[in-house]
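Below you'll find the structure, written out as structure tokens, and then a few comments.
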Amino acid sequence: MYAGLSIALSSLYAHRQALETTGHNIANVNTEGYTRQRVRMENQGGQTIPAYFSRGTSVGRGVNVAEIERLRDAFMEARALAEHSTQSNLRRTQSVLGTFELLLAEPGEHGLQAQLSEFWSSWDDVANNPQDLAARSQVIELGRTLATSFNQIAIQTNSQRESGIEQMRFIVNDINSAAQSIAGLNEEIRSSVNAGMSPNDALDKRDALIAEVAKYAGVTTRPSNAGAVNVYIGGIALVQDARANQLQVDSSGANVVFRWDGDNNLTTTTEGTLGNVANGELGALLTAVNTTLPGYLTQLDAVANSLRTTVNTQHALGLDANGAAGGQFFDNTGAGASGLTVLAAVIANPDLVAAAQAGGGVLDGENARVMANFANASGGPDAVYKAFIDTFGVEAQRASRQVAIQDEITRQLDGVRDAEAGVNLDEEMSNLVKYQHAFDAAARVIQTVDEMLDTVINRMR
Amino acid sequence: MAIFRITQNSIAKNSLDRLQQNLARMERLQDQLSSGKQVRRPSEDPAAVVSAMSFRSEVRRTEQYGRNASDALAWLGTIDNTLSATTTQVSRVRELVALGMNGSMDSASRTALAEEVATIKSSILGLANQTYMDKPIFAGTANPAGGTYASNGTFNGNTAAINRTVGSGNATVQVNIAGPTVFGSGATQLFQVLTDIETHLRGGTPADVALLSTDLDNLDANRVNITNKLAEVGARYNRVETMRHRADEALLALKSGLAEVEDIDLPKTMVEVQLQEVAFQAALQATSRVIQPSLLDFLRS
């Protein structure tokens, strides 16, 4: 008789737990990264092994909560790590290219192309009036403006690179602190699992941290013993059971690299084994800082060098206002875009502009006229610059398209994950009703057994 | 991809994502409308951007061709006027010489003729020393202090050409003409001939009168030469004028090409903005329905 009570009691316990789990789900319907939980009940069977003198009736002993399940598709989760990592990578690349694009100000009246056109045309004005100081001064001023624009773009590209390196440092700090937390959670989860508990919320927290690190740097995970998870970046362990590794940024060389500082015992950032980070935001920043931005700077340097060489070569073929052979127009001691300047002597003395051709008189402007025609030259600075803008534009456009595609993929993947792991309030409501009825029914059983006992104990005479 | 289980969260998230996309489209259209440009950056349409850059530099170059052509026309016009005036003066001298060759003239009349020839000679010298914007037109690329021709007829300039680029493909035109080409050199130079005529008129001897006939031949040769040069300058003038008209037309075509590549089609963009606003409103309405009844509302309390 008393067995009936304990059967009903087990139902009360189990269904109370189920109700609490449902309540937990409802409370966390809007929590980021929450996985819905579900109670798995199993029936407790009666005696199945016969004893010699006592043979039970094999009536069951009620219900038991076997475990609280965490409903999450592990395969989808692994894919999500990869896709979110790619998404962050592409978005960061797009952002870098977008920032650089703003420096160029093309197409427009203030871009380098427009300034080059003005510069070449001003040489024609000198050719039309070689004796006019105003025309000579104008060509010098336009040359200086052009040189300053080149300088500015070079400086700002370099500073964009510097701020990229700073960002890498910040992100690496975040990764390191996330790694510490993951290691701590691993410890917690392991002791939980060993004690037979279901540490579902700790698992959720750990998954959220791993997802964060995946966005930063791209990770692979491998389950370790007793519910712990090892996290690897580029094949090297970031977290191994309860131990966290440290990553650092080494910007001492020409290229930026990552280094691993395993026991946090390295004193400088130039020690430690090389790390390999190819994905996530860090991967994008690494490419930008080591390859993309220096590449653009090199191309810009090529344009500036072409301009300097073209102008200086033609300038040397002519005569200045004093009849002396033309010297440099752009200073030859500078190199590339950052070193492009008009020679100081020319700025101080417009007479040094070599407008005349060799053998010409004081009113000769033929050299200046030939100079002006470089605007159309097929391999001239304008052509080199246009080719650069074209290449860059295509790259930037591709980055935008890739981001759009990846966003769609990631959105769909997140939808599928949410279908499995998300909380549906309708479902939880109907579960509440279900469990409440079961609880009521179990209470009724207790009442019935109580009445039966009452009959036996009190009513039988 | 079929999803069998939908949660409130996934509906909300999807609605917000689509709303964001709508908003991004609206932002793009608004930006186009307010800036008037359909391409802002190379990443939006690299081919169009490079095209716009090419158009822009062509426009600047063609504008410069127009300026050069105007300058060339001024040069050539000045030379044209000068040579016309010179031709008139030379014709007058011819008349005087014809008179002077008449044997029945007395010395006083011949002296008067000689005086007039001297006056015309200094007038033609003045024409030969003509300048355009402070630049002597017959001195080549030199700027001699005492003028192109000294008073004794010595040429102080050089024969270098002054060119202007007036069209693409390096279409150049020479805008000056060297003094010796027009006025001759050596013994048959115009000023030398004029000096000789003056001398022979003043002399009055039969030998002088005989020499006057040689002088007349030389004068005629010079006159024919100047007329030829006048025609040549006229031809160059016409060519530059044609080139300038071509530059003006090309400029128009280039600017409209640039506008086509760079600028928005205003009516089309305004219609797109309107459509996008309607789409955005619809999206907002749909999002508002995310707050939808759940089972909770229907369970008896």
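Within every chain, numbering begins at 1; the chains are lettered A, B, ... in the order of the sequence lines, protein sequences first and strands thereafter.
- With rounding to the nearest 0.5 angstrom, the CZ atom of Arg411(A) is 4.5 Å from the CG atom of Asp17(B).
- Heavy-atom distances place both the backbone and the side chain of Asn143(B) under 4.5 Å from chain A.
- Using a 4.5 Å cut-off between heavy atoms, Ala372(A) touches chain B through backbone and side chain atoms alike.
- Using a distance-only test at 3.5 Å, with no hydrogens or angles considered, no donor-acceptor pair links the side chain of Gln113(A) to the main chain of Ser57(B).
- When only modelled atom types and interatomic distance are considered, Asp125(A) and Gln64(B) share a side-chain donor-acceptor pair under 3.5 Å.
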- Intermediate values then yes/no, side-chain contact (heavy atoms from CB on, under 4.5 Å), Gln8(B) and Val423(A): CA-CA 8 Å; Gln8(B) 278 77 14; Val423(A) 172; over 6 Å; no

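- Thr391(A) does not touch chain B: none of its heavy atoms, backbone or side chain, sits under 4.5 Å away.
- With sequence neighbours left out, the salt bridge (charged side-chain N to carboxylate O under 4.0 Å, His left out) criterion links Arg246(B) to no other residue.
- Side-chain atoms of Asn9(B) and Asp418(A) form no donor-acceptor pair, as typed in the model, at a separation below 3.5 Å.
- The main-chain N or O of Asn424(A) is never found under 3.5 Å from a side-chain atom of Thr7(B) such that the two would form a donor-acceptor pair.
- Of the listed residues (Asn158(B), Asp71(B), Val39(B), Asn68(B)), the one with the most heavy-atom contacts under 4.5 Å to chain A is Asn68(B).
- Annotation for Ala419(A) and Arg5(B): closest pair O-NH1, 2.7 Å, computed over non-hydrogen atoms.
- Looking at Asn376(A) and Glu58(B), their side chains come closer than 4.5 Å, going by heavy atoms from C-beta outward.
- Residue Thr141(B) comes nearest to Gly361(A) through the heavy atom pair OG1-N, 2.7 Å, listed as atom of the first residue, atom of the second, then distance.
- Checked by atom type and distance alone, the side chain of Asp124(A) never pairs as donor or acceptor with a backbone atom of Thr165(B) at under 3.5 Å.
- Between Ser54(B) and Lys386(A), the shortest heavy-atom contact is OG-CE, 3.0 Å.
- For Lys13(B), the part lying near chain A is the side chain, with the backbone staying farther off; criterion is any non-hydrogen pair under 4.5 Å.
- Contacts of Arg417(A) with chain B are absent, with no heavy-atom separation under 4.5 Å from either backbone or side chain.
- If you measure heavy-atom distances from Asn14(B) to chain A, the contacts under 4.5 Å come from the side chain alone.
- For the pair Met133(B) and Asp132(A), the minimum side-chain heavy-atom distance is 4.5 Å or more.
- Here the shortest heavy-atom pairing between Asn128(A) and Lys135(B) reads O-NZ, 2.8 Å.
- Heavy-atom pairs under 4.5 Å with chain B peak, among Val433(A), Asp382(A), Asn373(A), Asp390(A), at Asn373(A).
- Partner of Pro107(A) under the side-chain contact (heavy atoms from CB on, under 4.5 Å) criterion, out of Val50(B), Asp45(B), Leu258(B), Val49(B): Val49(B) alone.
- Heavy atoms closer than 4.5 Å to chain B are found in the side chain of Leu102(A), but not in its backbone.
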Decide yes or no on side-chain contact (heavy atoms from CB on, under 4.5 Å) for Glu106(A) and Arg41(B), but give the supporting numbers first. CA-CA 6 Å; Glu106(A) 297 284 358; Arg41(B) 296 192 243 288; over 6 Å; no

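- For Glu118(A), the parts lying under 4.5 angstrom from a heavy atom of chain B are both the backbone and the side chain.
- The shortest non-hydrogen separation linking Ala127(A) to Arg164(B) is O-NH1, 3.5 Å.
- Contacts between Ala142(B) and chain A at a heavy-atom distance below 4.5 Å involve the backbone alone (N, CA, C, O).
- Only the backbone of Glu44(B) comes within contact range of chain A, with heavy atoms under 4.5 Å apart.
- When heavy atoms are compared at a cutoff of 4.5 Å, Tyr65(B) approaches chain A solely by way of its side chain, counted from C-beta outward.
- Residues of residues 393-404 of chain A placed with any heavy atom under 4.5 Å of a heavy atom in chain B are listed by number as Gly393(A), Val394(A), Ala396(A), Gln397(A).
- If you tally non-hydrogen atom pairs under 4.5 Å between each of Asn163(B), Val175(B), Thr172(B) and chain A, the highest count goes to Asn163(B).
- Between Glu408(A) and Arg18(B), at least one side-chain nitrogen of the basic residue sits less than 4.0 Å from a carboxylate oxygen of the acidic one, meeting the salt-bridge criterion.
- Shown here for Pro136(B) and Leu363(A), the closest heavy-atom pair between the two residues is CD-CD1, 3.7 Å.
- Side-chain contact between Ser117(A) and Arg61(B) is absent, with no heavy-atom pair separated by less than 4.5 Å.
- Close approach to chain A, defined as a heavy atom under 4.5 Å from one of its heavy atoms, is seen in Gln21(B) of residues 20-29 of chain B, taken by number.
- With sequence neighbours excluded, no residue forms a ring-ring contact (aromatic ring centres under 6.0 Å, His included) with His84(A).
- Contacts of Asp407(A) with chain B are absent, with no heavy-atom separation under 4.5 Å from either backbone or side chain.
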